[in-house]
Q: 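Sharing a structure with you now.
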Amino acid sequence: MKNNLSNNGTKLILLHPYIQKQGSSNRLWLLVFVSFLTLAFLATLIYTRESISFSAATTSAVSVAAAVAPRMPSAVARALVHYASSSNSTDHMSYTDIKQISDALRQCPPPCNFLVFGLTHETLLWRALNHGGGGRTVFIDENRYYAAYVEEKYPEIEAYDVQYATRLADMPELVAAVKEQSRNECRPVQNLLFSECKLGLNDLPNQLYEIDWDIILVDGPRGYWPDAPGRMAAIFTAAVLARSKKGGNPKTHVFVHDFNMKVDRITSDEFLCRENLVKSKDMMGHFVLERMDAAATQFCRSSHSPPASSS
């Protein structure tokens, strides 16, 4: 019998119970893992939906509360405190000068973008007057340390510093050089970020060149002695920004403070143009510039324009 079994070559295969248990155990752990992931996903989904619902309800409640009892914007409160505590200051604008800019801001349809050259006594006021509406109020100053100080003390102020490479004493030569290059580097319509014009400010934050500015105030940098930077570059840059607008209101209000200063008046005549001067009173010159065609090569239509009303 033993020989017959050997001769037939019969093989007996035994399935060890450990193998079956191992396969079942792996499948069980896989099922547990998938179930855990599913439960975690459902819990996260429910929590997120509840959070969104709670946030929406909270926002709605805050909006209703604000409508019932509106609060004074912090910028307005800061401005009131600032001027109430420094009413005896002697380096501030006159009421007439401030009112001209205030009227322009009030009439500017939102969003109103306001660019200011110079951090001055009125900085908080300008920010407060242009509060809301979605527009931006940006300040450019020559002193990087003072700009950082103002931003730290008043977080609502957006300020940037710029290095001026001009000298007040060089104004005649600089203006002549710009006029010679009015068809090339000093064109009235261009993106100054890529310009090498001697009076063009090309080191501002890139985003500022893309904004359509509705109102520009030139109240800096300093310009009261020969080695001071003067305001030639700020005035030229304002002239180019106003004429290079791509959208929004085609008109831009440009205010030049200390317009009674000879250098500021001459530079304004060359690049903002007497034909665009709508008012000159006290120490403020008010120009209204319109967007120009990209092919334009002249800042002013005429070199001899009648003077604007001084009343």
Q: At what distance, to the nearest 0.5 angstrom, does NE2 of H253 lie from CG of L105?
A: 9.5 Å
Q: Do D269 and R265 make a side-chain contact, defined as non-hydrogen atoms from C-beta onward lying under 4.5 Å apart?
A: yes
Q: Are F287 and M292 grouped together when hydrophobic residues (ILVMFWY) are joined by side-chain heavy atoms under 4.5 angstrom apart?
A: no
Q: Return each pair, listed once, that meets disulfide bond (SG atoms under 2.5 Å apart) where at least one residue sits in residues 156-261; pairs must be two or more places apart or across chains.
A: C186-C197
Q: Side chains of L193 and N202, heavy atoms from C-beta outward: is any pair under 4.5 Å?
A: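 No, their side chains stay 4.5 Å or more apart.
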Q: Give the C-alpha distance, both sets of side-chain angles, the deciding distance and a yes or no for side-chain contact (heavy atoms from CB on, under 4.5 Å) between Q298 and S182.
A: CA-CA 7 Å; Q298 297 296 325; S182 63; 4.2 Å; yes
Q: Please report the shortest heavy-atom distance between G223 and L168, naming the atom on each side.
A: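 For G223 and L168, the tightest heavy-atom pair comes out as O-CD2, 3.6 Å.
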Q: What's the spacing between R291 CZ and K246 NZ if we round to 0.5 Å?
A: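 Between atom CZ of R291 and atom NZ of K246 there are 10.5 Å.
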Q: Of all the heavy-atom pairs spanning G118 and T123, show the shortest one and how long it is.
A: O-OG1, 4.4 Å
Q: Rounded to the nearest 0.5 Å, how far apart are CG of N113 and CD1 of I211?
A: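 Separation between the atoms: 5.5 Å.
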Q: If hydrophobic residues (ILVMFWY) are linked whenever their side-chain heavy atoms come closer than 4.5 Å, directly or via other members, who joins W225 in its cluster?
A: Y224, M261
Q: Indicate every side-chain donor-acceptor pair of residues 150-161 with a distance under 3.5 Å to a residue at least two apart or in another chain.
A:
from : atom 1 : to   : atom 2 : distance (Å)
E151 : OE2    : A159 : N      : 3.0
K153 : NZ     : Y149 : OH     : 3.4
E156 : OE1    : R78  : NE     : 3.4
E156 : OE2    : R78  : NE     : 3.3
E158 : OE1    : R136 : NH2    : 3.4
E158 : OE2    : R136 : NH2    : 2.4
E158 : OE2    : Y160 : OH     : 2.6

Q: List the atom of I235, the atom of S268, and the distance in Å for their closest heavy-atom pair.
A: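 Distance-wise, the nearest heavy atoms are CD1-OG, 3.6 Å.
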Q: Any side-chain to backbone donor/acceptor pair from E185 onto S195? Under 3.5 Å, distance only.
A: no
Q: Is any side-chain heavy atom of M232 closer than 4.5 Å to one of F236?
A: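 The answer is no, as the side chains (C-beta and beyond) never meet within the 4.5 Å cut-off.
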Q: Using a strict 4.0 Å threshold on nitrogen-to-oxygen distance, state whether R231 and D219 make a salt bridge.
A: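 Counted as a salt bridge, because a side-chain N and a carboxylate O are separated by less than 4.0 Å.
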Q: Quick one: are V116 and I140 in side-chain contact, heavy atoms under 4.5 Å?
A: no
Q: Taking ring pair (Phe, Tyr, Trp, His ring centres under 6.0 Å) as the test, write out the residues that go with F255, two or more places apart.
A: H286
Q: Could you go through the side-chain contact (heavy atoms from CB on, under 4.5 Å) check for L217 and F117 one step at a time?
A: CA-CA 6 Å; L217 169 62; F117 289 92; over 6 Å; no
Q: Would you say the side chain of D141 lies within less than 4.5 Å of the side chain of V162, judging by non-hydrogen atoms?
A: no
Q: Verify, without hydrogens or angle tests, whether N143 (side chain) and Y146 (backbone) share a donor-acceptor contact under 3.5 angstrom.
A: yes
Q: Just by distance, do the side chain of T166 and the backbone of P229 share a donor-acceptor pair under 3.5 Å?
A: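 Yes.
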Q: Quick check for you: to the nearest 0.5 Å, what is the distance between D227 atom CG and R222 atom CZ?
A: 10.5 Å
Q: So which heavy atom on E270 is nearest to which on C300, and how close?
A: O-SG, 3.5 Å
Q: Please identify each residue that fulfils side chain to side chain contact (heavy atoms under 4.5 Å, CB included) with D97, with sequence neighbours left out.
A: M93, S94, Q100, H257, D282, M283, M284
Q: Report the residue from P111, P110, P109, C108 that forms a side chain to side chain contact (heavy atoms under 4.5 Å, CB included) with D214.
A: C108
Q: Could you tell me whether the side chain of F259 reaches within less than 4.5 Å of the side chain of L277, counting heavy atoms only?
A: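 The answer is yes, as the side chains (C-beta and beyond) meet within the 4.5 Å cut-off.
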Q: Side-chain contact test, heavy atoms from C-beta onward, threshold under 4.5 Å: evaluate it for F139 versus W126 and give yes or no.
A: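 Answer yes - side chains close enough.
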Q: Please answer whether the main-chain N or O of N184 pairs with a side-chain N or O of R187 as donor and acceptor at a distance below 3.5 Å.
A: yes
Q: Which pair of non-hydrogen atoms, one from D293 and one from V189, has the smallest distance, and what is that distance?
A: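 Scanning both residues completely, I find the closest heavy atoms to be O-CG2, 3.4 Å.
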Q: Is there a side-chain contact (heavy atoms from CB on, under 4.5 Å) between L115 and I215 once you walk through the steps?
A: CA-CA 6 Å; L115 179 64; I215 301 176; over 6 Å; no
Q: Roughly how far apart are E173 CD and D170 CG, rounded to 0.5 Å?
A: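 With rounding to 0.5 Å, CD (E173) is 5.5 Å from CG (D170).
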Q: Do M171 and I266 pass the side-chain contact (heavy atoms from CB on, under 4.5 Å) test, and can you show the C-alpha distance, the side-chain angles, and the key distance before you say yes or no?
A: CA-CA 9 Å; M171 184 273 293; I266 291 176; 4.0 Å; yes
Q: Quick one: CG on L192 to CG on L208, what's the gap to the nearest 0.5 Å?
A: 11.5 Å
Q: Test N130 against T137 for side-chain hydrogen bond (donor to acceptor under 3.5 Å, both in side chains), laying out the working first.
A: CA-CA 7 Å; N130 198 35; T137 303; 2.9 Å; yes
Q: Answer yes or no: is there a side-chain heavy-atom contact under 4.5 Å between V175 and K179?
A: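 Contact flag for V175/K179 side chains = yes.
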Q: Would you tabulate the side-chain donor-acceptor contacts of residues 237-245 under 3.5 Å, counting partners in other chains and residues two or more places apart, or write 'none'?
A:
from : atom 1 : to   : atom 2 : distance (Å)
T237 : OG1    : L201 : N      : 3.2
T237 : OG1    : A233 : O      : 2.8
R243 : NH1    : F271 : O      : 2.7
R243 : NH2    : F271 : O      : 3.1
R243 : NH2    : F299 : O      : 3.0
S244 : OG     : Q190 : N      : 3.0
S244 : OG     : Q190 : O      : 3.3
S244 : OG     : V240 : O      : 2.7
K245 : NZ     : W213 : O      : 3.3
K245 : NZ     : N249 : O      : 2.4
K245 : NZ     : K251 : O      : 3.1
K245 : NZ     : T252 : OG1    : 3.3

